Amino acid sequence: MGKLKRKKPSKRTKTAKKTAPAKKPADFFESKDFLSLKEFHPGNFEFLFKLAERMKKDPAAFSSRLRGKSLAMLFQMPSIRTRVSFQVGMSELGGSSVYVDPQESPLGERESAKDIARVLSRYCDAVVLRAYHHSQIQEFARAAAVPVINGLSNSFHPCQTLADLFTIREKFRTLAKMNIAYIGDGNNVLHSLLYGAAKVGANLAIATPRGYEPNEEVLKDIKLISKESGSKVTLSNNPFTAIKNAHAVYTDVWVSMGQEKQREQRLRDFQPFQVNGAIMGKAPKDAMILHCLPAHRGEEITEDVIDHPRSAIFDQAENRLHTQKALLVLLMTRKKKK
Ligand code: CP
Ligand code: NVA
């Protein structure tokens with residue numbers, strides 16, 4: 001008999017160690033839906049980002065992950081990024097999607113939102129809903145038997161924040177203690193960014209005109225969350241203060257969908273908050289530029305800034321696809337509670 005040899009670890013064990021995905025937090029998607037980041041567990045961000053990263057690197061490896069599954073897409077407002085990224089995302093994952101024409105099926109007009117939710121739940125495995133009022137999405141989700149994803153409401157845009165944070169993480173390899181400066185309106189995009197940044201431990205320096213600050217209730221929540229995570233959130237009315245030490249400078253439109261009647265007033269009020277060469281000239285040299293798009297070139301952001309080599313705006317738009325694919329897989333392959 002030969003000597004007993006110490007057994008080398010098999011290749012399989014080695015590879016498994018290297019590529020094993022992050023452990024799924026026990027309370028991943030405790031709630032059936034993805035309506036806002038308020039309910040999203042902080043540990044879920046990194047879990048989702050790791051999956052999105054693998055999907056971005058090797059999309060073919062996930063090409064049948066949602067085979068046989070279908071997604072209904074109801075948009076009560078226009079969309080390019082959200083609509084196309086969900087549609088292409090489903091197709092890249094081997095599933096299918098159905099776009100419901102908002103002219104034909106306005107929520108609550110031809111029939112109640114509740115009835116639409118119940119019917120779509122019989123055909124589809126999840127629904128993406130974009131609606132003006134967040135309460136409409138909540139009501140819809142309560143009636144739906146399948147997961148409902150908020151594709152933007154007047155209050156929140158959580159899918160956008162997933163891509164925003166993923167884009168910052170992609171460049172700086174971390175999110176904790178990153179300084180994000182947000183210049184502009186205290187709107188849906190900022191509300192979701194507030195929850196996201198506070199939960200991952202990033203700092204957020206906000207500059208809005210007076211009277212356009214984020215919602216008080218959201219700010220109250222953020223105070224508690226940031227105490228836990230160590231994130232620092234500051235509010236001011238001075239964009240030059242906000243961009244000091246920024247790793248990322250973020251802006252959004254001054255007139256969101258549904259606010260068209262306030263356009264003239266808003267254009268006047270927001271003028272000093274334009275993200276332009278003067279502001280970026282005072283920001284740290286490696287600060288990246290972000291915008292959720294659509295952008296109004298020459299209003300909230302100038303041509304030279306949006307097209308600047310430090311602009312990550314189009315990577316950010318691309319990352320909607322990868323982060324939402326991860327979201328779809330996690331929501332649609334979840335084991336149902338008995
Ligand atoms: N950023 C974003 O949600 O774009 P759309 O309105 O085009 O979907
Ligand atoms: N705040 C903008 C975001 C668009 C993606 C809006 O609601 O119109």
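One-based numbering, in listed order, for ligands and for the atoms of each. All values below were derived from every heavy atom in this structure, side-chain atoms included, with hydrogens, water molecules and symmetry-related copies excluded. Everything quoted here is computed from the prediction, not taken from an experiment.
At least one N/O-N/O distance between Asp252 and ligand 2 falls below 3.5 Å. For Pro294, no nitrogen or oxygen atom sits less than 3.5 Å from a nitrogen or oxygen atom of ligand 1, counting backbone and side chain alike. At least one N or O atom of Thr82 sits closer than 3.5 Å to an N or O atom of ligand 1. Considering backbone and side-chain atoms together, Asn188 places an N or O closer than 3.5 Å to an N or O of ligand 2. For ligand 2, the polar-atom distance check finds no N/O of Val253 at less than 3.5 Å from any of the ligand's N/O atoms.
Nearest-heavy-atom check against atom 3 (O) of ligand 1 across Gln160, Gln316, Arg81, His157 picks out His157. Nearest to atom 6 (O) of ligand 1 by heavy atom, out of Met257, His291, Arg130, is Arg130.
Side-chain atoms of Leu48 and Leu327, non-hydrogen and from C-beta on, do get closer than 4.5 Å to each other.
The hydrophobic clustering, which links ILVMFWY residues whose side-chain heavy atoms are closer than 4.5 Å, places Val189 and Leu35 apart. Under the 4.5 Å side-chain heavy-atom criterion for Ile, Leu, Val, Met, Phe, Trp and Tyr, Met332 and Val127 are members of distinct hydrophobic clusters.
For the atom pair Leu71 CG and Ser96 OG, the distance stands at 8.5 Å (nearest 0.5 Å). Rounding to the nearest 0.5 Å gives a distance of 11.5 Å between CZ of Phe45 and OG1 of Thr323.
In this model, no donor atom of one side chain and acceptor atom of the other lie less than 3.5 Å apart for Gln138 and His133. Side-chain contact check for Ser31 and Asp33: no donor-acceptor pair (N or O, by modelled atom type) lies under 3.5 Å.
Panel note: side chain Gln274, backbone Glu299; a donor-acceptor pair is recorded below 3.5 Å.
Here is the list of ligand 1 atoms found below 4.0 Å of a heavy atom in Ile80: 5 (P), 7 (O), 8 (O). Taking every heavy atom of Leu152 and a limit of under 4.0 angstrom, the matching atoms of ligand 2 come to 3 (C), 4 (C), 5 (C), 7 (O). Atoms of ligand 2 found under 4.0 Å from any heavy atom of Leu293, numbered from 1 in the order shown, are 5 (C). Listed by number with element, the atoms of ligand 2 under 4.0 Å from a non-hydrogen atom of Asn187 are 1 (N). Interface of Met257 with ligand 2, defined as ligand atoms under 4.0 Å from a residue heavy atom, comprises 6 (C), 7 (O), 8 (O). Close approach of ligand 1 to Cys292 is summarised as follows: ligand atoms under 4.0 Å from at least one heavy atom of the residue are 1 (N).
Of the protein's heavy atoms, Arg320 NH1, 3.3 Å lies nearest to atom 2 (C) of ligand 1. With respect to atom 6 (C) of ligand 2, the closest heavy atom belonging to the protein is Ser256 OG, 3.3 Å.
For the pair Arg54 and Phe62, the cation-pi criterion (under 6.0 Å, within 45° of the ring axis) is not fulfilled.
The shortest separation from a heavy atom of Leu152 to ligand 1 is not under 4.0 Å, leaving the residue out of contact.
In summary, Glu92 and Lys325 engage in a salt bridge, as defined by a charged side-chain N under 4.0 Å from a carboxylate O.
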